[in-house]
Amino acid sequence: MDVNQPKQEHLLALKVMRLTKPTLFTNIPVTCEERDLPGDLFSILMKDDPSTVKGAETLMLGEMLTLPQNFGNIFLGETFSSYISVHNDSNQVVKDIQVKADLQTSSQRLNLSASSAVVAELKPDTCIDDVIHHEVKEIGTHILVCAVSYTTQTGEKMYFRKFFKFQVLKPLDVKTKFYNAESDLSSVTDEVFLEAQIQNITTSPMFMEKVSLEPSIMYNVSELNTVITNGDGSSTFGTKTYLQPLDTRQYLYCLKPKPEFAEKAGVIKGVTVIGKLDIVWKTNLGERGRLQTSQLQRMAPGYGDVRLSIETIPDTVRLEEPFDITCKITNCSSERTMDLVLEMCNTNAIHWCGVSGRQLGKLHPSSSLHLTLTLLSSVQGLQSVSGLRLTDTFLKRTYEYDDIAQVCVVSSKLKAES
């Protein structure tokens, strides 16, 4: 006759508890009017309740703290900490104990044990304690695998594992937008503005400790999230930097190419790396979280083979009086030398002064030349500067430049009075 052998019980017990800050104890106050049937009974009970705040018993928050009862919500960027305890529940001395803790994610398996050394023996009613830490860098399902191996007094080797499954959630929703600076001055046409929209998608408020942009080696960055008043800077978000659940906050940054890159027209083209956002926040009772985005990329505006930009131009000019502008012509090609000819075509309002069709000479790859031109306007108002043509005699290719700048034209009488 077959007899089922009872499953052997282990001599050691494994306990795992997540280490996290406690939460404030909350209660639901029950009140009524004095003329109601209970009278002041509810008021007396709340005053006698040790969890309420004396003098403010009707507040939901109490003076006590609640220890975590489970793993709770774990968010990306937070530090996961856990306490592991192996206790000898038997009356025997156990030898060669080894405790191992691994964290299994969707992409990798990490060893979190502080030490993999074997403990020689563990006496009855004693324990081995360990605390593990891990900065969570992936979202999705995580499994904490705790394995214990030991040897009994009879020399039998024992082994068991426990699995603790938890989800890592996304705390923030980060969206970015790039804007190219719209200006006629070439000193700022290569500026890039980055708008970062950060939304709190958790269920509790966040204290935004830091939101900064770490630029790539090609750019210098300046934050546009403070207002300077009497020499002192204050945040555009006010003195309270809390982000409530589902609230969104917008941060703005200005990036300028470093001089060594801005002078080389062929360098900043195509897809360029801007940098990455570094976000640090704190939740209830100061629990800290940190999140870094991947490298932000943008498509640099294309200028074609030849780029023409305005260096200097007056804001206001007199009607039918000549004025000067300074242009910068850049060969954006990294391989080909150009032989350029400049043609100036008059429009209904703008008239060029000088010889059209003059030779500018050879322009080597990634090099520039500065040119001063004279023109006048025959029409008042805000006028667009148009009508410049550059022809590369090598390839017989013509490049047209219209609406390259704007100028305000006023009458001579108005200019004199002002």
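Because only heavy atoms are used, hydrogens play no part in the values below, and waters and symmetry mates are left out as well, while side chains stay in. Bear in mind the structure is a predicted one, so any value in this text is a computation, not a measurement.
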Assess whether a salt bridge exists between [X] and [Y], defined as any Lys/Arg side-chain N lying under 4.0 Å from an Asp/Glu carboxylate O.
X: K177; Y: E195; answer: no
X: K95; Y: E121; answer: no
X: R389; Y: D402; answer: yes

Under a plain distance cut-off of 3.5 Å, with no hydrogens placed, do [Y] and [X] share a side-chain donor-acceptor pair?
X: T372; Y: D324; answer: no
X: S81; Y: H133; answer: yes
X: S386; Y: S384; answer: no
X: Q295; Y: Q297; answer: no

Pair listing, ring pair (Phe, Tyr, Trp, His ring centres under 6.0 Å) test, anchored in residues 196-218, at least two apart: F207-Y242
For [X], enumerate each residue passing the side chain to side chain donor-acceptor pair (under 3.5 Å) test, keeping only those at least two apart in sequence or located in another chain.
X: T283; answer: none
X: E135; answer: none
X: E400; answer: none
X: S107; answer: E138

Derivation of the salt bridge (Lys or Arg N to Asp or Glu O under 4.0 Å) call for K21 and E287: CA-CA 7 Å; K21 296 291 181 66; E287 288 185 287; over 6 Å; no
Side-chain donor or acceptor of [X] paired with backbone N/O of [Y] under 3.5 Å:
X: N88; Y: K123; answer: yes
X: K258; Y: I217; answer: yes
X: S82; Y: M17; answer: yes
X: E214; Y: G275; answer: no

Member of I132, V16, L19 meeting the side chain to side chain contact (heavy atoms under 4.5 Å, CB included) criterion with Y83: L19
R336 NZ/CZ over F394 ring centroid, <6.0 Å and within 45° of normal: no
Between CG on residue D392 and CG on residue D305, distance to nearest 0.5 Å: 8.0 Å
Listed partners of K170 passing salt bridge (Lys or Arg N to Asp or Glu O under 4.0 Å), at least two apart: D173
